[in-house]
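Read the structure below first, then the notes.
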Number of protein chains: 2
Amino acid sequence: MGIIRKTESVGALLNEFKNGSNAISAITLVKRLESKFNKTTVYRVLDKLEDDGVLHSFMGDKGIKWYAKCDGCSKSEHVDLHPHFQCVACGKIDCVAVDVTIPKIPNREITASQILIQGTCEGCTSK
Amino acid sequence: MGIIRKTESVGALLNEFKNGSNAISAITLVKRLESKFNKTTVYRVLDKLEDDGVLHSFMGDKGIKWYAKCDGCSKSEHVDLHPHFQCVACGKIDCVAVDVTIPKIPNREITASQILIQGTCEGCTSK
DNA sequence: TTTATATTTGCAACTTAGTTGCATTTATAT
DNA sequence: ATATAAATGCAACTAAGTTGCAAATATAAA
Ligand SMILES: [Mn+2]
Ligand SMILES: [Mn+2]
Ligand SMILES: [Zn+2]
Ligand SMILES: [Zn+2]
């Protein structure tokens with residue numbers, strides 16, 4: 001179930017995502033907000049924002065959860081599906097709006113795919 | 001550092017992977033072998049087998065670690081890179097030998113990619 | 001075959017990310 | 001102003017994986 005009341009914690013979390021298409025890990029958000037909100041609250045609000053189609057989540061390479069803004073999604077359908085790019089040097093993850101074609105696989109019905117592209121970001125290449 | 005001595009635990013783990021190209025989660029392996037080996041041993045041997053290019057590992061959708069046999073890899077280079085397919089019905093994961101082309105992304109240097117394809121496997125479709 | 005030694009193992013304790021139950025607080029509608 | 005469902009904090013818990021260290025064992029040397 002999604003967000004019902006516009007509380008302080010909802011505002012604080014939305015604020016973290018207001019600029020940029022950067023993803024932020026759940027633990028980072030917990031740490032950033034720990035002086036104002038309990039981690040349970042952070043995890044719960046993130047979960048609700050995802051239900052509402054405001055954020056989407058995915059797993060990073062170390063098995064930790066990341067969140068990023070959705071574009072054009074709603075409570076009823078998540079349409080903003082895309083790969084993510086993680087810089088192996090600085091660890092940052094971005095949403096990338098590229099189309100990756102997954103070929104058919106014999107005897108399997110494909111419904112989705114999670115793609116984590118790895119490499120070096122602009123900032124880290126120039127160093 | 002890889003395997004130096006052919007011990008019982010190494011044999012037991014290799015045996016788990018001897019037939020099929022199915023991936024097996026680390027926790028499953030720990031459970032299967034818990035009567036004979038300590039979980040620490042299982043994790044350590046898996047780690048070494050990966051170093052040796054005998055197994056490769058990747059993260060499943062719930063952030064848990066999976067292992068599968070390598071084909072043509074060695075201590076010096078892991079060449080067997082491929083997507084994985086997870087059945088959303090039964091949870092099983094297989095290695096799939098399909099080629100997925102990742103397009104170039106502006107300002108980023110791509111070095112690798114981790115692709116988890118999701119859908120329904122043959123056994124689960126026919127039910 | 002015995003001995004030496006580096007490797008492997010088990011165990012217990014620890015870490016980290018995330019979850020749950022429950023009592024208290026708070027946003028919102030009436 | 002009041003009622004009430006939703007949100008919150010807290011503490012305790014879970015699950016996956018890791019670490020340090022002493023004891024056991026595979027392997028090579030003598
Ligand atoms: Mn994204
Ligand atoms: Mn594989
Ligand atoms: Zn970077
Ligand atoms: Zn299946």
Side-chain angles (χ1 to χ4, degrees), chain A residues 1-17 23-68 75 84 86 91-93 114 116, chain B residues 1-16 23-52 54-68 75 84 86 91-93 114 116:
Chain A
M1 216 230 315
I3 299 276
I4 291 174
R5 297 179 184 174
K6 288 283 166 61
T7 59
E8 238 188 299
S9 62
V10 172
L13 275 165
L14 289 177
N15 186 55
E16 293 291 327
F17 289 97
I24 313 175
S25 71
I27 32 170
T28 299
L29 290 164
V30 166
K31 275 180 201 140
R32 280 195 199 159
L33 300 173
E34 69 187 348
S35 64
K36 304 187 79 180
F37 308 98
N38 187 271
K39 68 171 172 175
T40 312
T41 302
V42 174
Y43 281 111
R44 286 196 277 228
V45 172
L46 288 171
D47 201 50
K48 290 177 181 177
L49 288 172
E50 187 168 20
D51 275 355
D52 285 343
V54 175
L55 298 179
H56 59 278
S57 73
F58 57 93
M59 288 287 162
D61 63 336
K62 268 138 195 150
I64 66 163
K65 211 168 186 181
W66 290 70
Y67 284 88
K75 196 166 201 139
H84 294 96
Q86 180 158 35
K92 279 184 198 147
I93 303 188
Q114 293 182 32
L116 184 66
Chain B
M1 215 233 313
I3 299 274
I4 291 174
R5 296 180 185 174
K6 288 283 167 59
T7 59
E8 240 188 298
S9 64
V10 172
L13 275 164
L14 288 177
N15 186 55
E16 293 293 325
I24 313 176
S25 71
I27 30 168
T28 299
L29 290 165
V30 166
K31 275 179 202 140
R32 281 194 198 159
L33 301 174
E34 69 187 347
S35 64
K36 305 189 76 181
F37 307 100
N38 188 271
K39 68 171 174 176
T40 312
T41 302
V42 174
Y43 280 113
R44 285 195 279 225
V45 171
L46 288 171
D47 202 50
K48 290 178 181 176
L49 288 172
E50 187 169 19
D51 275 355
D52 284 343
V54 174
L55 298 179
H56 59 278
S57 74
F58 57 93
M59 289 288 163
D61 63 337
K62 268 138 196 150
I64 65 164
K65 211 169 187 180
W66 291 70
Y67 283 88
K75 197 163 199 142
H84 293 97
Q86 181 158 36
K92 280 184 198 145
I93 303 189
Q114 293 182 30
L116 185 66

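Chain letters run A, B, ... following the sequence lines, proteins first and then strands; every chain starts at 1. Remember, it's a predicted structure, so these values are computed and weren't measured experimentally. Computed over heavy atoms, backbone and side chain alike; hydrogens, waters and symmetry mates excluded.
- Residue B:Ala26 is the one, among B:Ala26 and B:Lys6, whose nearest nucleotide of DNA chain D lies closer to the 5' end (criterion: closest heavy atom).
- Atom-to-atom, CG of B:Asp47 to C1' of C:dT8 comes out at 14 Å; the value is rounded to the nearest Å.
- A donor-acceptor contact under 3.5 Å links the side chain of B:Arg5 to the base of C:dT7.
- Across all strands shown, D:dG17 pairs with C:dC14; the Watson-Crick or G-U wobble distances both stay below 3.5 Å.
- With contacts defined as side-chain heavy-atom distances shorter than 4.5 Å, the pair B:Lys92/B:Gln86 does not qualify.
- Interface remark: the B:Arg44 side chain does form a donor-acceptor pair with the C:dG10 base, using a distance-only criterion of under 3.5 Å.
- Computed from coordinates, the B:Phe58 CZ to D:dG17 P distance equals 12 Å when rounded to whole Å.
- Among the heavy atoms of the strands lying under 4.0 Å from B:Lys36 are primed sugar atoms or P, OP1, OP2 only; no base atom is included.
- Residue contacts shown for A:Lys65 are limited to sugar-phosphate atoms, with no base heavy atom under 4.0 Å away.
- Phosphate contact (OP1/OP2 of C:dT19, side-chain N/O of A:Tyr43, threshold under 4.0 Å): absent.
- Looking at A:Ile93, A:Leu55, A:Leu46, A:Leu29 one by one, the single match for side-chain contact (heavy atoms from CB on, under 4.5 Å) with A:Ile24 turns out to be A:Leu29.
- Neither OP1 nor OP2 of D:dT25 sits under 4.0 Å from any side-chain N or O of B:Thr7.
- Look at A:Thr41 and you won't find any side-chain N or O under 4.0 angstrom from OP1 or OP2 of D:dA7.
- When side chains are defined from C-beta on, A:Trp66 does not count as touching A:His84, because their heavy atoms never get closer than 4.5 Å.
- Among the atoms of the strands shown, only primed sugar atoms or phosphate atoms (P, OP1, OP2) are found under 4.0 Å from some heavy atom of A:Val45.
- For NZ of A:Lys36, the number of neighbouring non-hydrogen atoms (other residues, nucleotides, ligands) closer than 6.0 Å is 12 at most.
- An OP1 or OP2 oxygen of D:dA7 is reached within less than 4.0 angstrom by no side-chain nitrogen or oxygen of A:Ser9.
- Of all heavy-atom pairs spanning A:Val45 and A:Ser9, the tightest one is CG2-OG, 3.5 Å.
- Atom-to-atom, CE of B:Met59 to P of C:dA17 comes out at 13 Å; the value is rounded to the nearest Å.
- Protein atom CH2 of B:Trp66 is 16 Å distant from nucleotide atom C1' of D:dG17, rounded to whole Å.
- Taking atom CG on B:Asn38 and atom P on D:dG17, their separation rounds to 14 Å, with Å as the unit.
- When rounded to the nearest whole Å, the span between OH of A:Tyr67 and P of C:dA17 equals 14 Å.
- Base contact: A:Lys39 has a heavy atom under 4.0 Å from a base atom.
- With both pairing distances under 3.5 Å, C:dT30 is matched to D:dA1 as a Watson-Crick or G-U wobble pair.
- B:Leu29 places its CG atom 13 Å from the C1' atom of D:dA16, with the value rounded to the nearest Å.
- Between the CD1 atom of A:Ile3 and the C1' atom of C:dT26 there is a distance of 15 Å, rounded to whole Å.
- Note on A:Lys48: only backbone sugar-phosphate atoms sit closer than 4.0 angstrom, heavy atoms only; bases stay farther off.
- The closest side-chain heavy-atom distance from B:Glu8 to B:Phe37 is below 4.5 Å.
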